[in-house]
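First the structure, in the form of structure tokens, and then the observations on it.
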Amino acid sequence: MADKQDKLDQNRAPIYEALEAFRKKRVVPFDVPGHKRGRGNPELTAFLGQQCVGVDVNSMKPLDNLCHPVSVIGQAEELAADAFGAAHAFLMVGGTTSAVQSMVLTVCKRGDEIILPRNVHKSVINALVLCGAVPVYVNPEVDRRLGISLGMRREQVARAIAQHPNAVAVLVNNPTYYGICSDLRAVVKMAHAAGMRCLVDEAHGTHFYFGGGLPASAMEAGADMASVSMHKSGGSLTQSSFLLTGPDIHSGYVRQIINLTQTTSASYLLMSSLDISRRNLALRGRQVFHQVADMAEYARQEVNAVGGYYAFGRELVNGDSIFDFDTTKLSIHTLEIGLAGIEVYDILRDEYDIQIEFGDIGNILAYLSIGDRPQEVERLVSALAEIRRRYQTDGAGLLSQEYIDPEVVTTPQQAFYAEKVSLPLEQSRGRVCSEFVMCYPPGIPILAPGERITAEILEHIAYAKAKGCSMTGPEDPRLERINVLM
């Protein structure tokens with residue numbers, strides 16, 4: 001390991017530096033990967049470039065090993081921990097899904113209760129399937145105009161803790177996909193007072209650590225663990241993330257948990273992208289994200305000036321279920337122009353060559369981050385104005401609600417592994433689902449294993465399918481049939 005001063009020099013990028021040194025040595029490869037620095041797959045090399053495939057290498061002594069880092073990867077993790085204000089940071093090459101599941105598996109075992117909002121990403125419920133923990137859902141409030149689920153109210157969390165004193169942890173989405181933040185400091189304080197851990201799915205909050213005037217980050221709020229999607233707003237390659245831990249979490253045990261499911265052949269492309277992106281944010285993040293927030297605020301003003309749309313922001317803050325708002329998020333309600341969000345999404349992509357993050361029943365999200373420029377924002381605003389002029393209708397028959405409270409019958413693990421039968425979707429009313437059904441993105445389940453299928457849920461699924469939402473999760477890719485408990 002380098003000395004302490006080197007570890008905390010945010011100008012350093014140890015993995016990147018080691019790869020550059022390795023490239024210059026021209027080592028003869030009698031190891032994997034089999035493309036041998038691209039020579040064995042010329043089409044791949046032509047597509048990705050020699051710079052890329054030349055550093056797609058295997059773990060070796062000079063480059064360390066993610067499963068048991070002792071040199072450059074360990075240094076990169078210490079630099080990341082310092083940059084994010086964490087006791088430890090783990091490089092994750094299985095995406096934030098892997099980070100979220102590692103958080104849950106670290107604190108939960110079979111039969112343990114965990115308090116969480118139901119509008120979690122499917123990775124959280126997948127982790128419950130794996131470990132057998134029992135969810136205690138805090139059903140979020142819904143903004144009736146926007147149809148979106150909000151944050152966790154302090155009173156709801158306090159009640160859940162009082163009613164389930166043996167729960168081991170409280171998990172919080174912060175922020176939600178739409179930018180809604182809970183009172184994270186208060187939730188952490190309540191959890192710790194009850195002897196519980198606080199876990200934060202911070203997939204959409206990388207910038208909280210580097211931007212002035214943004215909501216509190218998980219580590220700043222005192223959370224025990226946080227999963228951070230560096231690839232979403234932080235600029236690293238897709239599938240690369242960080243798992244952050246606080247001072248009371250045993251890092252060696254977390255590493256063991258991560259190694260249960262994470263690959264032993266970690267991609268150096270992903271790891272070096274985390275290393276370089278961390279350096280970029282540590283040195284320039286505050287300035288960059290200030291510009292992103294300003295760009296998003298300008299976009300909100302311009303979209304709202306078009307009329308019909310509602311680009312919402314900090315005016316929603318109520319001090320509890322919307323404790324704060326991520327001002328970098330450009331979330332836009334579309335129903336007042338008579339179009340579902342997914343319809344606007346499709347028109348933007350098909351007719352204007354604009355790819356936004358997602359569209360759901362009533363809203364769209366344009367994800368702004370460090371790579372965006374004002375001219376692209378202007379193009380988006382102009383396209384939205386033209387869509388309103390061309391396609392606006394009275395909106396008769398449109399549904400609005402993105403979230404439906406579930407009726408939980410059994411645990412996700414019990415339902416997932418139970419004896420099951422496949423039924424036509426229209427015949428499944430009243431039965432207990434044994435698989436997931438969701439629109440992706442955002443990947444929040446409409447149905448999760450162990451939940452009863454109701455008429456309202458069936459109506460929601462049919463409507464989402466008709467509007468063109470990408471439905472994922474069930475064995476039947478067309479979602480004409482669904483697996484239910486026998």
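When reading the values below, keep in mind they use all heavy atoms of this one structure, side chains included, and skip hydrogens, waters and symmetry mates.
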With heavy-atom distances below 4.5 Å as the criterion, would you say the side chains of [X] and [Y] are in contact?
X	Y	value
V408	R452	no
I148	V142	no
V120	L171	yes
M271	Y268	yes
M438	M471	no

Task: F325 and F312 aromatic ring geometry - parallel, tilted or perpendicular at 30°/60° bounds - done: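 If you compare the ring of F312 with that of F325, the planes turn out perpendicular.
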- [ ] Mind telling me whether H207 and F289 have parallel, tilted or perpendicular rings, with 30° and 60° as the class edges?
- [x]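 Rings of F289 and H207: tilted, as their planes differ by 30° to 60°.
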Residues, nucleotides or ligands: over 12 heavy atoms within 6.0 Å of [X] [atom1]:
X	atom1	value
H192	NE2	yes
Q375	CD	yes
F436	CZ	yes

Donor + acceptor pair across side chains of [X], [Y] (<3.5 Å):
X	Y	answer
H204	N174	no
S241	T96	yes
E220	Y209	no
E351	Y391	yes
Y177	E357	yes

- [ ] Indicate yes or no: does E77 engage R278 in a salt bridge with an N to O separation below 4.0 Å.
- [x]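 Salt bridge: no.
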Open item on the list: Do the side chains of R12 and D275 get close enough for a salt bridge, i.e. N-O under 4.0 angstrom?
Closed with: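 Salt bridge absent between R12 and D275.
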- [ ] Verify, without hydrogens or angle tests, whether Q156 (side chain) and R153 (backbone) share a donor-acceptor contact under 3.5 angstrom.
- [x]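 Pair found, side chain donor or acceptor close to backbone of R153.
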Task: Side-chain donor/acceptor of E297 to backbone N/O of T327, under 3.5 Å - done: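 Pair absent, no side-chain N/O of E297 close to backbone of T327.
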Open item on the list: Suppose we call two aromatic rings close when their centres sit under 6.0 Å apart. Are F84 and F242 close by that rule?
Closed with: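 Yes - the distance between ring centres of F84 and F242 falls below the 6.0 Å cut-off.
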Open item on the list: Quick check with a 6.0 Å cut-off and a 45 degree axis cone: is R145 positioned over the face of Y310's six-membered ring?
Closed with: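 Geometry flag: set, cation within 6.0 Å and 45°.
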